[in-house]
Amino acid sequence: MIRKYTFGTPLPTDAVVQSLPAESGELPYFETRTGEDGSVTFSIALHPEEVLFGLGQMVRGIDKRGHRYESWNSDVFNHTEERPSLYGSHNLLVFFSPERLMGVYLDDPGKIVWDLGYGDHDRAYITSESGGLDLYLIEEDTLVGIARAFRELTGRSYIPPRWAFGYIQSRWGYASEQEIRTVVSEHRERHIPLDAVCQDIDYMTDFKNFTWKQDAFPDLAGFQREMKEDHIRLVPIIDAGIKVEEGYAPYDTGKAGDFFCRKADGSDFVAAVWPGRCCFPDFLREDARRWFGDLYRPLLEAGIEGFWNDMNEPALFYSDEGVADAFAAADRIRSGGVDYETAWWLKDVFSGIANSPEDYRRFYHELDGKTVRHDRVHNLYGAGMTRATAEGFRRFRPGERLLLFSRSSFIGAHRNGGIWQGDNFSWWSHLKMALQMLPNLNLCGFLFTGCDLGGFGCNVTEDLLERFLQLGVFTPLMRNHSALHTREQEIYRFGSWETMRDTVTVRYALLPYLYSEFMKAALGNGMYFRPLAFDYPEDRRAVHTQDQILLGGDCMIAPVYEQNAAGRYVYLPEDMLMVRFRSAGDYDLIPLEKGDHWIDLKISEFPLFVKKDRAVLLCAGGESSETLDDTRFTALGWIGKETVYELYRDDGKTADPDPAGGITRIALAPGKELKQDVLC
Ligand code: MIG
């Protein structure tokens, strides 16, 4: 059951697809307090054993209890433990204890502070800065039921084309056809499977969106055709800012249509990002979205079938006003000289010119005919860009699925695209953080997601990349991505590339199965990744487990996330079959009983746990998602009684797939063998 409570004057966000009447009574369970500044705070006592799930893209554990977070979409390079927010705002929190089960969703596009047992260990305080919001209270009998009810409220998750489940190679710095050809041929020659290569900002002319460097990519359509013969898709990046430059069509047409965000005096808001001084499309306006979506058309016509949208928090390097303010601040102390305090202050003044709160208060949007200052709707910007792109796709390629993943997001954007987990580092702790973020992202509807495998910033090591890939085998988006100037981290750069290749072969052998599990989750408003609590709510150990997650209907993953570990402890909440993979064709099958187990895992090995009486399907594998045989499988399972696996298959490219149409029921017979051949 979902009940809606309205506070103040909420703004439309496009997050919710069901229209519910607002309750007339008071919000139960919470104490509601309105601040003098107009903010509203909901507070509630926490039970001793209470676990808090949700908030989607956030640092720290699967259980969010014990810290303070903010919903404020931020371009942050440093995902440390005290970082209050990342790129998306996913305002769903689920309270779960033996005494209570409920979810609260705050449909509010402005800043929210979540103090979840930080100020006061046994209390949660949730503060909406503006005080204008719809709060949805979700009560169901199970955690899975809460997740489903929330998805019914906010709409079905985005479904990418099937090729997007292949391995994707990316790096900030690929700057020419030749460079990309080399990346592809290094993979193909070594039989490292590969489906796509991302093009980062270096493919553009002067970082201008919707352009490509004529000398480096003289014939983009021809190049995409050539790549596609080899089953490779190009996936270019698009940033939010449009360079201010007369004669550059996106700027001229944006200007002519008055589609950019404006300042109080009516002039365009200008801030610098990669191309230099830029204007920012007002994605909250339907006409501006239409104009922006149209800009993708030439790239689609060149044969491009996937994009990633970046810098859409929006990230702002600086504005003229911000720089002037910083100089003025420096001038105020210039004559007196500096001491250590003023020197530090001065440093902060200058580093604070990026993504500054002042800049976010300098510009306005048009929302349903009303002028709204940006900070009030800040968290909608990236979702608006995703929406503009997806709406364009639907106009130009109706009935087709295209790949889209964004950096910034808000609830509602999960219907239009995936997201990646942002600029992580090549740190072991970030491998664990990525794992912990996944179930909360799924709870909030973002099923198509994954982290930058190997880590984006800092220099990766061979063993860290290998362990990252072992997680990536199971994430819907499996992309190796790294930053300019960091150590090159394509698999073929390393001495142990064969081990890494073998790991990627497991992804391809599992791809039809993982795709089937993803599709069933997406079409059934379920979760592909879940905290253990969702299947084992009575099992206290499982409920509090922070480093293992459930995958699909039948599996659990427990990756190694520490350097030099020879294995790890795994808790099994029921009897399971361990598949210890080394490659698609080389694995151990070991039935294990419920309880604690130490699992030996050499650097080349990683486990998948399959619930007893269930099975996973391995196909023969291949080097591209397009060439896999999904009619012959080896089923791996510890099967004591008759069981059926429902395999979902479709063409992988038609939009709005039929939930029932693609299911094949595969009967699995009990027996001593842990492996059986299946034809379907
Ligand atoms: O300011 O396009 O998160 O994936 O490689 C950095 C360059 C801009 C941030 C993205 C990252 C991408 C990078 N971008």
Side-chain angles (χ1 to χ4, degrees), residues 70 72-79 83-87 110-111 172 200-202 204-209 211 237-246 248 250-251 254-255 259-283 309-334 338 342-365 373-382 384-385 406-408 422-423 456-457 483-485:
E70 289 176 7
W72 185 256
N73 294 357
S74 309
D75 168 21
V76 280
F77 191 65
N78 212 335
H79 302 182
R83 185 59 71 190
S85 39
L86 298 174
Y87 315 85
K111 184 184 262 186
W172 179 5
D200 206 321
I201 48 174
D202 316 275
M204 301 180 203
T205 307
D206 301 329
F207 306 126
K208 286 186 289 191
N209 284 326
T211 66
I237 194 170
I238 298 292
D239 283 359
I242 295 287
K243 186 179 175 67
V244 176
E245 184 185 278
E246 276 168 32
Y248 162 52
Y251 176 71
K255 188 83 194 124
F259 296 135
F260 298 124
C261 293
R262 280 181 277 179
K263 296 193 292 190
D265 66 5
S267 64
D268 289 339
F269 171 74
V270 174
V273 211
W274 291 107
R277 299 170 79 253
C278 285
C279 282
F280 294 84
D282 186 355
F283 293 119
N309 282 348
D310 190 20
M311 306 297 275
N312 46 5
E313 293 71 28
L316 308 174
F317 292 169
Y318 59 86
S319 65
D320 291 347
E321 295 90 333
V323 171
D325 289 349
F327 280 128
D331 284 340
R332 280 202 297 281
I333 59 159
R334 189 193 292 273
V338 291
T342 44
W344 284 343
W345 171 80
L346 197 60
K347 187 167 79 43
D348 289 347
V349 164
F350 279 92
S351 62
I353 61 176
N355 307 318
S356 84
E358 288 78 33
D359 277 341
Y360 291 131
R361 286 195 288 265
R362 271 190 241 280
F363 64 101
Y364 294 79
H365 297 268
R373 199 170 73 180
H374 175 78
D375 57 327
R376 177 67 186 90
V377 288
H378 173 72
N379 295 334
L380 286 183
Y381 196 78
M385 184 182 183
S406 168
R407 194 169 70 179
S408 185
D423 295 346
F456 175 73
L484 196 66
H485 306 310

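Side chains included, hydrogens not; waters and symmetry mates left out as well; all remaining heavy atoms used.
- Atom NE2 of residue H378 and atom CG of residue L380 lie 10.0 Å apart, to the nearest 0.5 angstrom.
- One finds no salt bridge joining D375 and K111 here, because no Lys/Arg side-chain nitrogen approaches an Asp/Glu carboxylate oxygen to under 4.0 Å.
- Remark: D75 CG to D423 CG distance equals 6.5 Å, nearest 0.5 Å.
- Taking CD from E70 and CG from L86, the interatomic distance works out to 11.5 Å, rounded to the nearest 0.5 Å.
- Using a 30° and 60° split on the angle between ring planes, F327 and F350 fall in the perpendicular class, above 60°.
- Under the 4.5 Å side-chain criterion, counting only non-hydrogen atoms from C-beta, P281 is not in contact with F259.
- Classified by interplanar angle (parallel below 30°, tilted 30° to 60°, perpendicular above 60°), the ring pair F269/F363 is parallel.
- Across M385 and I238, no two heavy atoms sit closer than the pair CE-O, 3.7 Å.
- Residues G322 and D359 come closest through the heavy atom pair N-OD1, 4.5 Å.
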*asked:* For a side-chain contact (heavy atoms from CB on, under 4.5 Å) check, start with the C-alpha distance between L316 and Y360, then their side-chain angles and the critical distance, and finish with the verdict.
replied: CA-CA 9 Å; L316 308 174; Y360 291 131; 3.6 Å; yes

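- In this structure, the side chain of D282 does not engage the main chain of F260 through any donor-acceptor pair within 3.5 Å.
- Counting heavy atoms from C-beta outward, I242 and C278 have side chains that stay 4.5 Å or more apart.
- Pairing each heavy atom of R334 with each of D331, the nearest pair is NH2-OD1, 2.8 Å.
- In this pair, H374 and Y381 present their aromatic rings perpendicular. The plane angle is above 60°, beyond the 30 to 60° band.
- Taking the charged nitrogens against the carboxylate oxygens, D325 and R362 do have a contact shorter than 4.0 Å, which makes a salt bridge.
- With rounding to the nearest 0.5 angstrom, the OG1 atom of T211 is 10.5 Å from the NZ atom of K243.
- Seen from the ring of Y364, K263 does not count as a face-on cation partner, given the 6.0 Å and 45° thresholds.
- The CH2 atom of W172 sits 8.0 Å away from atom CG of D202, with the distance rounded to the nearest 0.5 Å.
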*Are N355 and E313 close enough, and set up right, to give a side-chain contact (heavy atoms from CB on, under 4.5 Å), and what steps lead you there?*
CA-CA 9 Å; N355 307 318; E313 293 71 28; over 6 Å; no

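- Judged purely by distance below 3.5 Å, without hydrogens or angles, the side chains of S406 and N312 pair a donor atom with an acceptor atom.
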*asked:* For a side-chain contact (heavy atoms from CB on, under 4.5 Å) check, start with the C-alpha distance between K255 and V244, then their side-chain angles and the critical distance, and finish with the verdict.
replied: CA-CA 9 Å; K255 188 83 194 124; V244 176; over 6 Å; no

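- Between the CD1 atom of I237 and the CG atom of D239 there is a distance of 5.0 Å, given to the nearest 0.5 Å.
- Comment: D310 engages R407 in a salt bridge, judged by a side-chain N to carboxylate O separation of less than 4.0 angstrom.
- The closest donor-acceptor contact from the side chain of S74 to the backbone of Y87 lies at 3.5 Å or more, if one exists at all.
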*Output, in order, the C-alpha distance, side-chain angles, deciding distance and verdict of side-chain contact (heavy atoms from CB on, under 4.5 Å) for C279 and V270.*
CA-CA 5 Å; C279 282; V270 174; 4.2 Å; yes

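- At distances below 3.5 Å, not a single donor-acceptor pair connects side-chain atoms of N73 with backbone N or O atoms of S408.
- Annotation for F283 and G384: closest pair CB-C, 3.5 Å, computed over non-hydrogen atoms.
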